[in-house]
**Student:** 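Take this structure first; my questions come after.
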Amino acid sequence: MTLAQLSAAIARRDLSPVEITAACLRDIAALDGRLNSFITVTAERALEDARRAESEIMTGRYRGPLHGVPIALKDIFTTRGIRTTCGSGVLRDWVPDTDADVVRRLIDAGVVLLGKLNMSEFAYGAIHPEFGPPRNPWDERRFAGGSSSGSAAAVAAGLCYGSVGTDTGGSIRGPASFCGIVGLKPTYGAVSRTGVIPLSWSLDHVGPMARTVEDARLLFDVIREDTPGATKEVQSLRIGAVRPEVQPDIAARVDAALELLAPRVREIEEVALPHLDQIIAAWWTICLAEAAAYHQLLLAERPGDYGAPVRERLQAGLMVPAVQYLQARRVRRRVRRMFAGIFERVDVLVLPATLTDAPTLEAAVSGGWEAMRDRIGLLAPFNLTGGPAVSVPCGFTAGGLPVGLQIAGPVWGDRTVLALASVFEEAAGVWRQRPPLSAPGVLAVGQQR
Amino acid sequence: MSEDIVPLIELLADRAGVSVDATRLDGLVRRMLDDWAILLPGLDPDEEP
C-alpha cells in the first residue's frame, strides 16, 4: 500500500491510524534488527500522534493527505524533545528544544512520527561506528547509499510510508536509486533548511523520499515553501538524453526508459554534459570548505567523537585556501550558465542516477573518499545548478538490484520534473516490485480491508 | 613529496586550532591539489564568484 492509498483510506475512515501505526511499530521491531534503518524509534510518541489523528478525523477535523500517516525522518532534522544525532558520536546525546521548519510543517499536517533514521555521519559519506550501516532491503549485503541511507532502506522495506532526507551531492537520489524508491531533490530553497544540521550551506537541499512519485509529491506539497513554476504538459516536453559511460546493464535500463518515454513526449535529443571533472572538483572544494567552517569549533573540542573518515575530511577542508574556494564558486557560476543554455534547448535531462548498482557494504566502506567521488558523479552537478532532480525506479540490473532514472530540470522546474517522473512510473510499473526484505505487516493491514 | 606538504598541513591545522595526524591527511590534501589544478582552465576572466 502506498502513502497515497493509505491516505485515501484514512480519509474515508476505512483504516485506523492507530492500527496502521501499531503495525509499523511491529514491523520495525521485527525487521529493523536486520535493516538497521532507525537510530531512534519513538513508539510512544507515534501512538500518541496516531490516537490524536484518529480522534480528530473521527470528529470531522481532517487536516489533509498526511493526517494520520506514519513517516520517519532522517536524523539530521532537529526534533523538539527527541534525540537528534546526525549519525555522529558528537551529538549522541543531543535533545533539541526546537523543531526544524520541515518538522513543524509535517506535525501541523498531522503526521505520525515513527522515529529518526540512520544516516552517514553529518551526511558526509561515511558511517559512524556507533550506529553501523543501514542495509539494502534488496540484498542485505549491499550498501543502501548515502547519506539518507536509513530513509531509503526504511521506505523501500515498508517500515514507514515516506521520509524526508537531505541532498548535498546526491544524498537523496543516490540512496533512492540503490533502494528502488523515489527521491526528489527540489530546487535550492524550495524547502526550508532552518533546523537542518548543515553539511554545506550553499549545496544542501531538503526533499521527500517515498515509494511512488505521487507519494513524494504529497510530502513535497506539505514541506515546501510557496514556490513558483508551472507544470509543462508532458507531451510537449523536449527531453535531453544524457548517456554517460556507466555499468552496461544500467545503461540498458536507461535506454529502455528513454524508448518508453519517446512516444509520450515531443522529442528526445542527445545531450553531452561537458566539464564533468571540473564540476566535481568545484563541488568538492565548496563542500570541503563549507563543512570545515561549520565544524571547526567541534573539531577542536571533540575530535575523538567523530568517526575517522569524517574527521579527516573535515580536517582536510581546513586546508582549502580562500582563493580556491572562490575559484570553485566561479566554476559554479559557469556551470549554472552552461545548464541554463542546455535548458533553453531541452526542457528536462534524463540520465542514470548512478554509475553502478549498490556496491557491497565492504566495498562501500573500503572505497573511502574515492568511492564517494564516483558515487556523486552524475548527481552533484544538480546541487551546483540548484535545479530539481528526481530519481525514479526504472528496472533492475542482472544481479536483481534497482536502477534509478534521474530526471533533472531548470530552477523551479520541480512540477515538470515530477510530472514526467509520474508518466514514466505509470508506464514502467517498476515501483510495484517489492524487495525481499519488506514488511508484510503493513501490507497485511491494508489487504484485510 | 609527502614530506613537502605534511609540515604545511600541520601549520594550517595548528592555526585553525585543530590537532591532526598530518600523515593521514596527505592523500586527501593531495587530491584537493589535483582538483584545484583543473578549476581555473576555461574560466572567463569576468566570471564572478
Side-chain angles (χ1 to χ4, degrees), chain A residues 124-126 202 274-289 291-293 295-304 306 308-338 368-370 372-373, chain B:
Chain A
Y124 214 180
S202 71
H275 312 302
L276 271 178
D277 284 352
Q278 195 184 38
I279 288 172
I280 297 304
W283 185 92
W284 270 110
T285 304
I286 292 169
C287 186
L288 281 159
H295 283 274
Q296 185 172 352
L297 198 58
L298 280 168
L299 268 178
E301 289 174 351
R302 302 174 58 184
Y306 290 88
V310 167
R311 180 175 60 243
E312 288 164 10
R313 282 166 205 173
L314 292 169
Q315 289 172 338
L318 295 169
M319 315 293 147
V320 178
V323 169
Q324 299 305 340
Y325 177 73
L326 288 168
Q327 303 295 22
R329 301 279 306 208
R330 294 175 73 207
V331 170
R332 179 183 196 159
R333 287 282 290 260
R334 179 193 193 198
V335 170
R336 286 179 170 176
R337 279 194 296 101
M338 186 180 88
W369 203 30
E370 287 301 324
M372 186 181 165
R373 288 179 73 96
Chain B
M1 186 172 162
S2 65
E3 291 83 0
D4 294 332
I5 64 170
V6 163
L8 180 62
I9 292 171
E10 285 171 342
L11 177 70
L12 290 169
D14 182 63
R15 292 295 183 270
V18 172
S19 65
V20 301
D21 178 348
T23 55
R24 288 188 60 88
L25 299 189
D26 181 84
L28 286 176
V29 174
R30 198 175 300 280
R31 193 70 171 85
M32 296 193 313
L33 293 169
D34 291 344
D35 279 345
W36 300 338
I38 62 171
L39 287 178
L40 208 47
L43 264 184
D44 183 333
D46 293 331
E47 191 76 72
E48 292 187 9

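From a predicted model like this one, the values you see are computed outputs, not experimental measurements. In what follows, chains carry the letters A, B, and so on, assigned in the order in which the sequence lines appear, proteins first and then strands, with residues in each chain numbered from 1.
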**Student:** Looking at A/R313, A/R329, A/Q315, A/R311, which one has more heavy-atom pairs under 4.5 Å with chain B than the rest?
**Tutor:** A/Q315
**Student:** With chain A, which of B/I9, B/V29, B/D34 has the greatest number of heavy-atom pairs at distances under 4.5 Å?
**Tutor:** B/I9
**Student:** Between A/V323 and chain B, which part of the residue has a heavy atom less than 4.5 Å away: side chain, backbone, both or neither?
**Tutor:** neither
**Student:** Taking ring pair (Phe, Tyr, Trp, His ring centres under 6.0 Å) as the test, write out the residues that go with A/W284, two or more places apart.
**Tutor:** A/W369
**Student:** Does the distance from a Lys or Arg side-chain N to an Asp or Glu carboxylate O, for B/R31 and B/D35, drop under 4.0 Å?
**Tutor:** yes
**Student:** Measure distances from A/L297 to the heavy atoms of chain B and classify the residue's part below 4.5 Å as side chain, backbone, both or neither.
**Tutor:** neither
**Student:** Just so I know, are the side chains of A/I279 and A/M338 near enough to count as touching, which here means a heavy-atom distance under 4.5 Å?
**Tutor:** yes
**Student:** Heavy-atom distance under 4.5 Å to chain A: side chain of B/L25, backbone, both or neither?
**Tutor:** side chain
**Student:** So which of A/A281, A/A282, A/A292 has the largest heavy-atom pair count under 4.5 angstrom toward chain B?
**Tutor:** A/A281
**Student:** Enumerate the residue pairs fulfilling side chain to side chain donor-acceptor pair (under 3.5 Å) with a member in residues 39-49 of chain B, sequence neighbours excluded, ordered by first and then second residue.
**Tutor:** A/R337-B/E47
**Student:** Indicate whether the side chain of A/Q278 and that of A/R334 have a donor and an acceptor atom separated by less than 3.5 Å.
**Tutor:** yes
**Student:** With only heavy atoms counted, which part of A/R333 is less than 4.5 Å from chain B, the side chain, the backbone, both or neither?
**Tutor:** both
**Student:** So do the side chains of B/E10 and B/V6 get within less than 4.5 Å of each other, counting heavy atoms only?
**Tutor:** yes
**Student:** At a 4.5 Å cut-off on heavy atoms, which part of A/E301 comes close to chain B: side chain, backbone, both, or neither?
**Tutor:** neither
**Student:** On a heavy-atom basis, which atom in B/L39 and which in A/A328 lie closest, and how many Å separate them?
**Tutor:** CD1-N, 4.0 Å
**Student:** Using a cut-off of under 4.5 Å on heavy-atom pairs, state which of B/L12, B/L40, B/L43 scores highest against chain A.
**Tutor:** B/L43
**Student:** Specify which of A/Q327, A/Q296, A/E312 makes the most heavy-atom pairs with chain B at under 4.5 Å.
**Tutor:** A/E312
